[in-house]
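Note that this is a predicted model, so its numbers are computed, not measured.
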Amino acid sequence: MNKVLIIAEHDGKNLNISTARTVTASQGIAESVEIVIFVDDGNIIATQAAAIAGVTKVLVVENPINKHAVSAILAPQIEAIANEYSHIFAPNTTFGKDLIPRVAALLGVPQVSNIMRVESPNIFDRPVYAGNAIVTVEAPNGAVVGTIRTASFPEAAGGGLASIEQCEIFVDIPTHTRFISLAANGDDDHPDLQAASKVIAGGRGLGSQENFNIIYSLADKMGAAVGASRAAVDAGFIPNSHQVGQTGKIIAPELYMAIGISGAIQHLAGIKDARTIVAINKDADAPIFEVADIGLVGDLFTIIPEIEKALG
Amino acid sequence: MKILVGIKRVVDYNVKIQVKPDGSGITTSNVKMSINPFDDIAIEAALQLKEAGKANEVIAITIGSKTCQEQLRTALAMGADRAIHIETDEEIQPLTCARILKAFVDKEKPELVILGKQAIDNDNSQTAQMLAALANWPQATFASSIEIEENTAIVTREIDAGLETLAIDLPAVISADLRLNKPRYIKLPDMMKAKRKSIETLTLEDFNIEQAELIKVLKTTRPTPRQSGIKVETVEELLSTLKKKGLI
């Protein structure tokens with residue numbers, strides 16, 4: 001019988017939405033989908049995980065070492081419980097990308113990264129070459145270890161009533177890796193980029209960090225999250241955590257507005273699943289217009305204030 | 001300190017790749033090949049540590065067919081002291097790659113291994129983490145800054161929530177992200193000199209490793225293209241279109 005174990009992504013306070021998307025991806029695979037939470041104090045997160053529809057059981061591994069736990073600390077704990085499961089998944093966020101290969105190597109099995117479609121319990125589709133090709137791959141017999149491309153799966157519904165079990169794991173934990181600090185984005189008052197239904201993103205065309213304020217202002221008006229191209233992040237206009245693309249965040253909002261973004265293939269890889277893409281750029285030949293549902297050629301510095309004004 | 005840098009030969013990031021009509025893969029003949037851009041950053045990081053007096057040797061290693069020597073020459077031209085080519089025409093997936101690197105690390109004993117955070121062909125992002133697991137070493141992936149303080153590296157990582165800083169004891173594995181540095185341009189005389197440098201060639205038989213089972217690629221397809229969109233002329237038109245779609 002197939003049994004999926006999902007490693008919960010959380011910040012110590014709340015479960016990340018990526019976990020519920022990973023549950024959706026797991027639903028065709030097994031009758032049993034369990035979530036494990038590694039945490040120092042986990043009641044709230046456990047309750048959130050138990051409420052995800054389709055989850056059979058929530059395991060809570062409470063241990064002080066699991067505060068700000070890094071992969072070197074989590075992987076041996078996952079290895080210790082892995083043999084009960086046919087599949088081990090985490091979201092393909094920086095959390096899962098860092099952790100899951102370490103788990104796969106300990107288990108001695110290859111990993112399927114960035115699963116975008118589940119064809120069968122061991123056949124999956126995944127994007128390669130920045131999403132310019134899709135490969136259908138078959139995992140060998142044995143445990144299937146993988147990461148889930150969260151933009152490809154909706155968040156599983158709420159209303160679930162999974163049981164919550166405390167679980168103790170005794171394994172040697174290395175001390176060679178120590179968490180020092182996390183400098184967060186510092187914009188908690190904006191919607192989360194990976195969860196937002198609307199995203200307003202700016203690129204090199206903004207010209208400066210100061211000018212990026214017009215993006216923030218429009219985003220506030222529309223209740224949208226703020227994204228950016230690599231060029232804008234490299235130029236120091238906005239912190240790295242806003243970067244959208246092959247090596248940044250892969251997102252699937254209802255509305256994506258690309259403002260002053262030319263649309264390099266690496267950027268397009270991050271927005272392909274957006275329902276509606278709007279492009280505003282002064283260069284009519286910018287590649288972003290090839291993927292945009294609605295294009296408007298013109299100077300963003302006149303267009304954006306006009307939009308804001310019209311929105312009242 | 002000795003630093004090992006892994007590099008991979010990939011289709012150049014500027015090439016628009018073509019999926020073969022029979023679904024058997026992508027076209028790689030007559031296509032420009034380069035060092036994976038993240039590996040380029042890894043080499044630069046190692047060279048900068050050497051130039052700062054933190055390391056005394058930078059070794060570049062690659063696994064693959066004979067043609068991969070071009071990329072090793074590039075690493076030598078950038079300033080790597082030695083180049084190791086593990087020659088094979090077999091497909092080497094990340095876990096086997098990590099096992100080979102682990103065997104090499106056991107022999108060569110570098111204090112630091114720097115790899116790119118992902119290869120831009122298969123976009124896996126696995127090898128660095130797998131090597132760290134097999135060696136039971138610390139890992140710091142997606143690094144945007146590295147400082148060496150005696151036997152510890154202080155590494156800042158670009159993660160979804162912001163910038164995370166870890167202290168990792170050496171030996172360790174670090175994977176390089178985009179903003180770690182800007183790789184240097186290679187001067188023609190250095191490229192010429194690199195052509196004369198020797199590359200140490202090994203084969204898989206030189207390592208006693210078990211090859212991991214393969215993730216089998218059944219077919220390669222083109223992604224469904226997006227429907228072509230419309231151009232609007234005015235802000236008013238833009239907003240009324242968005243309103244019709246219920247987006248504002």
Handout entry: Per-residue contact mode, A:N122 against chain B (heavy atom under 4.5 angstrom)
Key = neither
Handout entry: Rounded distance [0.5 Å steps], CE in A:M257 versus CG in B:L247
Key = 10.0 Å
Handout entry: Side chain / backbone / both / neither for B:V10 at chain A, heavy atoms under 4.5 Å
Key = neither
Problem - Part of B:Q18 within contact of chain A (heavy atom distance under 4.5 Å) - result: neither
Handout entry: Contacting region of A:F289 [heavy-atom separation from chain B under 4.5 Å]
Key = side chain
Practice task
Just give me the residue among A:E138, A:Q111, A:H176, A:R178 that pairs up with chain B most often, heavy atom to heavy atom, under 4.5 Å.
Solution key: A:H176
Exercise for the section: Starting at CG of B:L218, measure out to CD of A:E119 and round the result to the nearest 0.5 Å. Expected result: 9.0 Å
Handout entry: Under 4.5 Å from any heavy atom of chain B - which part of A:T175
Key = backbone
Practice task
Please state whether the side chain, the backbone, both or neither of A:I123 comes within less than 4.5 Å of a heavy atom of chain B.
Solution key: side chain
Exercise for the section: Look only at the side chain of B:R226 and the backbone of A:K272, and say whether a donor-acceptor pair between them is shorter than 3.5 Å. Expected result: yes
Practice task
Using a cut-off of under 4.5 Å on heavy-atom pairs, state which of B:N136, B:L178, B:I120 scores highest against chain A.
Solution key: B:L178
Completion exercise
Most contact-rich option vs chain B, by heavy-atom pairs under 4.5 angstrom, among A:T136, A:T177, A:V137, is A:T136
Exercise for the section: Take atom CG of B:D22 as the centre, draw a 6.0 Å sphere, and report whether it contains more than 12 heavy atoms from other residues, nucleotides or ligands. Expected result: yes
Problem - Separation between CG of A:N114 and OG of B:S125, rounded to the nearest 0.5 Å - result: 9.5 Å
Completion exercise
Rounding to 0.5 Å, atoms CG (B:L166) and CD1 (A:I180) come to a distance of 7.5 Å
Exercise for the section: Examine whether an atom of B:E213 lies under 4.5 Å from a heavy atom of chain A, and if so say whether it belongs to the side chain, the backbone or both; otherwise answer neither. Expected result: both
Exercise for the section: Quick one: closest heavy-atom pair of A:S241 and B:D160, and the distance? Expected result: CB-O, 3.5 Å
Handout entry: Contact origin within B:V217 toward chain A - heavy atom pairs under 4.5 Å
Key = both
Problem - More than 12 heavy atoms from other groups under 6.0 Å of OH on B:Y13 - result: no
Problem - Crowding at NZ, B:K20 (>12 non-hydrogen neighbours, <6.0 Å) - result: yes
Handout entry: Within 6.0 angstrom of B:Q211 CD, more than 12 heavy atoms from elsewhere
Key = yes
Practice task
Using heavy atoms and a sub-4.5 Å threshold, report which of residues 91-105 of chain B line up against chain A, by residue number.
Solution key: B:L95, B:R99
Exercise for the section: Pick whichever of B:V11, B:D177, B:I168 has the most heavy-atom pairs under 4.5 Å with chain A. Expected result: B:I168
Exercise for the section: Pick whichever of A:V70, A:L106, A:T247 has the most heavy-atom pairs under 4.5 Å with chain B. Expected result: A:T247
Practice task
Go through the atoms of B:I215 and report whether side chain, backbone, both or neither lie under 4.5 Å from a heavy atom of chain A.
Solution key: both
Handout entry: Leading residue by heavy atom contact count with chain B [cutoff under 4.5 Å; candidates A:Q243, A:R275, A:M222]
Key = A:Q243
Handout entry: Heavy-atom neighbours of B:K231 NZ exceed 12 at 6.0 Å
Key = yes
Fill in the blank from the handout: Nearest heavy-atom approach of A:R102 to B:A132 is NH1-CB, 3.3 Å
Handout entry: Which portion of B:F38 sits near chain A, non-hydrogen atoms under 4.5 angstrom
Key = side chain
Practice task
Please say whether more than 12 non-hydrogen atoms of neighbouring residues, nucleotides or ligands are located less than 6.0 Å from CG in B:N14.
Solution key: yes
Practice task
Return yes if a side-chain donor-acceptor contact under 3.5 Å exists between B:Q129 and A:S71, otherwise no.
Solution key: no
Problem - Residue, of B:D121, B:L170, B:T220, that accumulates the most heavy atom pairs under 4.5 Å with chain A - result: B:D121
Completion exercise
Ranked by heavy-atom pairs below 4.5 Å to chain B, first place among A:G108, A:A75, A:P127 goes to A:G108
Problem - A:K198 side-chain N/O to B:I248 backbone N/O, donor-acceptor pair under 3.5 Å - result: no
Practice task
Go through the atoms of B:A212 and report whether side chain, backbone, both or neither lie under 4.5 Å from a heavy atom of chain A.
Solution key: neither
Handout entry: Among B:Q227, B:Q118, B:E210, B:R222, residue most engaged with chain A (heavy-atom pairs, under 4.5 Å)
Key = B:Q118
Exercise for the section: Can you measure from CG (A:D293) to OG1 (B:T241) and round to the nearest 0.5 angstrom? Expected result: 11.0 Å
Practice task
Return yes when atom CG of A:N14 has more than 12 non-hydrogen atoms of other residues, nucleotides or ligands closer than 6.0 Å, and no otherwise.
Solution key: yes
Handout entry: Side chain / backbone / both / neither for A:A133 at chain B, heavy atoms under 4.5 Å
Key = both
Exercise for the section: Mind listing the closest non-hydrogen atom pair of A:I134 and B:P223 along with its distance? Expected result: CG1-CA, 3.9 Å
Problem - Audit row: A:I280, B:L238, side chain to side chain contact (heavy atoms under 4.5 Å, CB included) steps and yes/no - result: CA-CA 10 Å; A:I280 298 170; B:L238 168 65; 4.2 Å; yes
Problem - Top contributor to chain B contacts, counting heavy-atom pairs under 4.5 Å, from A:Q266, A:E290, A:K97, A:R126 - result: A:R126
Exercise for the section: Tell me, for B:I26 versus chain A, whether the close heavy atoms (under 4.5 Å) come from the side chain, the backbone, both or neither. Expected result: side chain
Handout entry: Any A:V135 side-chain heavy atom under 4.5 Å of B:N122 side chain
Key = no
Completion exercise
When the 4.5 angstrom heavy-atom criterion is applied to B:I230 and chain A, the contacting part is both
Handout entry: Side-chain ion pair, B:R157 and A:D98, N-O less than 4.0 Å
Key = yes
Fill in the blank from the handout: Given B:P138, B:G229, B:G25, the one with more heavy-atom pairs under 4.5 angstrom with chain A than any other is B:P138
Problem - Under 4.5 Å from any heavy atom of chain A - which part of B:L214 - result: backbone
Completion exercise
To the nearest 0.5 Å, atom CZ of B:R179 lies from atom CG of A:N240 at 5.5 Å
Problem - Region of B:T234 that comes under 4.5 Å of a non-hydrogen atom in chain A - result: backbone
Problem - chain B contact via A:L193 - which portion, at a heavy-atom distance below 4.5 Å - result: neither
Exercise for the section: Go through the atoms of A:I294 and report whether side chain, backbone, both or neither lie under 4.5 Å from a heavy atom of chain B. Expected result: both
Handout entry: A:S113 side chain vs B:N124 backbone, donor-acceptor pair below 3.5 Å
Key = yes
Practice task
With side chain to side chain contact (heavy atoms under 4.5 Å, CB included) as the test, would you mind laying out the steps for B:E158 and A:T94 before giving the verdict?
Solution key: CA-CA 8 Å; B:E158 294 200 0; A:T94 53; over 6 Å; no
Handout entry: Shortest non-hydrogen contact from A:P101 toward B:M130
Key = O-CG, 3.3 Å
Completion exercise
Scored by heavy-atom pairs under 4.5 Å with chain A, the best of B:V19, B:T141, B:L131, B:L242 is B:T141
